[in-house]
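Ligands are counted one by one from 1 in listed order, and the atoms in each one are counted from 1 as well. Computed from a prediction, not measured in an experiment: that's the story for all the values here.
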Amino acid sequence: MSSDVCCFAEARRVAIFGGTHGNEMSGIMLVSMWTKNDSEIRRSRVHTKPFMCNPRAVEKCARYIDTDLNRAFTAENLSTPGGDELPYEVRRAKEINQIFGPKGSPDAYDVIFDLHNTTSNMGSTFILESSTDHFNLQMVHYIKKSMAPESCMVLLNEHPQLKYATTRSVAKHAVGLEVGPQPQGVLRSNIFESMRMIVKHALDFIEMFNSGVEFPACRVQVFRVHERVDYPRDTNGNIGAMVHPHLQDCDWEPLNPGDPMFQTFDGRTIVYEGAGSVYPTFINEAAYYEKHQAFVTTFRETLAVNSIRKNTK
Ligand SMILES: CC(=O)N[C@@H](CC(=O)O)C(=O)O
Ligand SMILES: [Zn+2]
């Protein structure tokens, strides 16, 4: 019995993005470190470029200057001409698209890893944008195996409304890496080292793939984005409750109908009233108060991944 084999071109051009958000310190430190000395990320069959995406936000240690860079890579932003009057991040998105894209074209970079931190207790998490990118899924499978018994989760965002136009989306294979918990503007050595190790395994995988190794069919567990849940709010938009202590830090653990979800300032409990069990994540992410999201719910599923090898021409 043989399942489908997917063939991909060698992944020769790889970028590692940090500072897409200027207050997420692990990726910022790794990218500035690797820009000074790239020995750790060099591989013989891969050209790897470390890149600081939002240097002005990094300088201010802010998520962004005018608008969220990681929402700015829309077809409209990338195609409409314009100059100084545009928000800084829209101008920056156009530059990044010129260097690493153009998005959707054969000239685009093969792989972009975009390094993020979260204040949520998510551990190490890949964020994927497609359930049919067997190259990315094989890479994730390889990294999960290499890291065991440490774990790494996969958040799959293919949601028609909740999907957004990420910086990494200019690449043929877009990979978000989200590691937490880490406060904004803070460096924690454990989080830094986890991120560093995952990038190392990722580059090892690409090197092996480029050298002709075939990766057999496998299965990968993912958490598929389902719904955004906002805080209760008053008519002025101020929040009326906090994440409940029983939910706080419980990313990836089942949340069942009737389970505590929020706690009001006078001590009342608000319970989850969904139809069935879900897996919440990005619980109490600092950057998402402005996006009206207390957490996102997901469904757990297992994807069947085809075997892959490189094109031989
Ligand atoms: C906390 C944070 O910035 N998370 C990222 C997730 C991603 O890269 O898809 C974002 O909202 O852009
Ligand atoms: Zn981020």
Where does the angle between the aromatic ring planes of [X] and [Y] fall among parallel (under 30°), tilted (30 to 60°) and perpendicular (over 60°)?
X: F17; Y: F51; value: tilted
X: F299; Y: H226; value: tilted
X: H201; Y: Y142; value: perpendicular

If hydrophobic clusters are built by linking Ile, Leu, Val, Met, Phe, Trp and Tyr wherever their side-chain heavy atoms come under 4.5 Å apart, do M25 and V199 end up in the same one? yes
Is [X] close to ligand 1, meaning an N/O of one under 3.5 Å from an N/O of the other?
X: N70; result: yes
X: H21; result: yes
X: D68; result: no

With a cut-off of 4.0 Å, which atoms of ligand 1 are near a heavy atom of [X]?
X: R71; value: 10 (C), 11 (O), 12 (O)
X: R168; value: 7 (C), 8 (O), 9 (O)
X: Y288; value: 1 (C), 2 (C), 4 (N), 5 (C), 6 (C), 10 (C), 11 (O)

So NE2 of H21 and OG1 of T118: to nearest 0.5 Å the spacing works out to 11.0 Å
From I96 atom CD1 to K103 atom NZ, the distance as rounded to the nearest 0.5 Å: 12.0 Å
May I ask whether I127 has any heavy atom positioned less than 4.0 angstrom from an atom of ligand 1? yes
Can you find a non-hydrogen atom of K291 under 4.0 Å from ligand 1? no
Quick one: nearest non-hydrogen protein atom to atom 3 (O) of ligand 1, plus distance? R63 NH1, 2.9 Å
H173/F135 aromatic ring centres below 6.0 Å: yes
Quick check, are the ring centers of F295 and Y288 under 6.0 angstrom apart? no
Who gets closest to atom 2 (C) of ligand 1 by heavy atom: E285, E178, Q293? E178
If I consider every N, O or S atom in H116, which one ends up closest to the Zn ion (ligand 2)? I only need its name. ND1
Considering just N/O/S atoms, say which atom of H21 is closest to the Zn ion (ligand 2). ND1
Could you give me the CA-CA distance, side-chain angles and deciding distance for N284 and Q248, then say whether side-chain hydrogen bond (donor to acceptor under 3.5 Å, both in side chains) is met? CA-CA 7 Å; N284 209 356; Q248 178 66 53; 2.9 Å; yes
Please find out if the Zn ion (ligand 2) and some N, O or S atom of E24 are separated by less than 2.8 Å. yes
